[in-house]
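Side chains included, hydrogens not; waters and symmetry mates left out as well; all remaining heavy atoms used.
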Amino acid sequence: YFLKYMIAQSNVNPIQIYIIDDVGKTLADFNNVYMYSTKQADAIAAFDEIYDILQKRLIVEREQSLDSEPLILFVINSVEAMNQMTKEVESQDKFKKLISSMENMKICVMATNVPNTNVMFGAGELIKQLKEIKKYIIFENIKDIKVYDFPPAVIREYKKQLDIGDAYYI
């Protein structure tokens with residue numbers, strides 16, 4: 001729904017969408033975007049390109065508004081690509097900088113298809129960073145969400161089952 005809406009609004013609000021899909025091509029209906037791929041190598045190339053855009057915007061933002069710049073939406077729908085993107089230490093540093101600097105830079109990273117499990121020690125760096133960010137839209141009942149630790153009082157308060165299309169913004 002979110003991608004359909006963003007694409008429909010692209011005439012009014014310019015957007016540049018990068019999609020790295022899983023091998024099952026779950027998001028193949030959105031292949032007419034700026035970049036669509038199922039290859040891990042393309043994920044790294046897209047990430048590097050977006051990082052370069054961020055670097056340029058950090059400089060431009062000091063001097064002028066980014067209003068005329070398109071929103072950059074980076075959708076990563078592959079856990080393998082997520083892990084590959086931050087395998088190297090340099091990439092880990094870039095990702096940390098991207099995440100910490102992208103606010104007000106018109107850059108959005110959506111990690112979809114992320115397993116709803118506790119983040120273990122051996123998890124990929126991107127998964128660990130996502131846990132640290134603590135900004136989620138999760139389409140699970142609150143008692144079933146494992147990537148975030150809710151206090152028991154919150155779980156009791158929001159115990160109602162979600163309807164189709166409902167989500168929590170955390």
Side-chain angles (χ1 to χ4, degrees), residues 1-40 42-44 46-47 50 54 70-86 92 95-96 98-170:
Y1 172 78
F2 181 78
L3 284 172
K4 286 180 186 177
Y5 178 79
M6 296 300 282
I7 290 169
Q9 293 295 313
S10 64
N11 292 336
V12 178
N13 301 307
I15 187 166
Q16 191 169 320
I17 302 175
Y18 299 74
I19 297 177
I20 304 300
D21 207 353
D22 58 6
V23 292
K25 298 184 178 183
T26 308
L27 301 175
D29 290 346
F30 302 105
N31 63 4
N32 62 339
V33 295
Y34 181 79
M35 179 189 179
Y36 173 88
S37 181
T38 58
K39 298 176 184 169
Q40 290 181 10
D42 290 342
I44 295 166
F47 172 68
I50 292 167
L54 171 71
L71 170 68
I72 303 294
L73 177 60
F74 187 26
V75 181
I76 312 162
N77 191 46
S78 166
V79 175
E80 295 81 16
M82 288 180 208
N83 291 334
Q84 188 66 34
M85 284 172 42
T86 55
Q92 290 174 15
F95 189 78
K96 286 177 186 176
L98 176 73
I99 294 302
S100 65
S101 304
M102 69 184 193
E103 194 169 329
N104 300 323
M105 291 293 120
K106 295 180 76 173
I107 296 176
C108 175
V109 177
M110 288 180 56
T112 61
N113 205 18
V114 177
N116 183 17
T117 60
N118 293 324
V119 177
M120 302 295 184
F121 176 74
E125 187 63 31
L126 189 132
I127 301 291
K128 290 178 188 175
Q129 288 295 316
L130 293 174
K131 180 162 174 83
E132 292 299 315
I133 295 168
K134 297 180 182 173
K135 290 185 182 178
Y136 309 107
I137 298 175
I138 301 180
F139 296 87
E140 296 273 348
N141 292 311
I142 206 158
K143 67 179 172 69
D144 299 327
I145 298 171
K146 295 178 177 70
V147 296
Y148 188 82
D149 299 321
F150 292 100
V154 172
I155 293 172
R156 283 190 300 275
E157 184 176 346
Y158 296 99
K159 64 184 175 186
K160 181 181 173 249
Q161 299 286 317
L162 292 178
D163 291 328
I164 294 175
D166 288 347
Y168 289 104
Y169 174 68
I170 303 166

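Considering CG of Asn77 and OG1 of Thr112, their distance stands at 3.0 Å, rounded to 0.5 Å. Separating the CG atom in Asn32 from the CD1 atom in Ile7 is a distance of 6.0 Å, to the nearest 0.5 Å. Atom CD1 of Ile145 and atom CZ of Phe150 lie 4.0 Å apart (nearest 0.5 Å).
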Could you go step by step and tell me if Ile20 and Met35 meet the side chain to side chain contact (heavy atoms under 4.5 Å, CB included) rule?
CA-CA 8 Å; Ile20 304 300; Met35 179 189 179; 4.0 Å; yes
Apply side chain to side chain contact (heavy atoms under 4.5 Å, CB included) to Leu71 and Asn13, showing your working.
CA-CA 8 Å; Leu71 170 68; Asn13 301 307; over 6 Å; no
Criterion side chain to side chain contact (heavy atoms under 4.5 Å, CB included) on Lys25 and Tyr36, from CA distance to verdict
CA-CA 10 Å; Lys25 298 184 178 183; Tyr36 173 88; 3.6 Å; yes
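Residues Thr38 and Asp21 bring no donor and acceptor atom of their side chains to less than 3.5 Å of each other. Side-chain atoms of Ser37 and Asp42 form a donor-acceptor pair, as typed in the model, at a separation below 3.5 Å.
Among the candidates Thr26, Leu73, Val33, the single residue satisfying the side-chain contact (heavy atoms from CB on, under 4.5 Å) test with Ile19 is Val33. The only option from Ile50, Val109, Leu54 that meets the side-chain contact (heavy atoms from CB on, under 4.5 Å) definition with Ile72 turns out to be Ile50.
Residues satisfying the side-chain contact (heavy atoms from CB on, under 4.5 Å) test with Pro14, not counting sequence neighbours, are Pro70.
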Going by atom type alone, with no hydrogens or angles, which donor-acceptor pairs under 3.5 Å involve a side-chain atom of residues 159-170 and a protein atom two or more places apart or on another chain?
residue, atom, partner, partner atom, Å
Gln161, OE1, Asn141, ND2, 2.6
Asp166, OD2, Asp163, N, 3.1
Tyr168, OH, Tyr158, O, 3.2

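Across Ala46 and Phe74, no two heavy atoms sit closer than the pair CB-CE1, 4.0 Å. Pairing each heavy atom of Ser10 with each of Ile15, the nearest pair is CB-CG2, 3.6 Å.
The six-membered or imidazole ring of Tyr18 lies near that of Tyr34, with a centre-to-centre distance under 6.0 Å.
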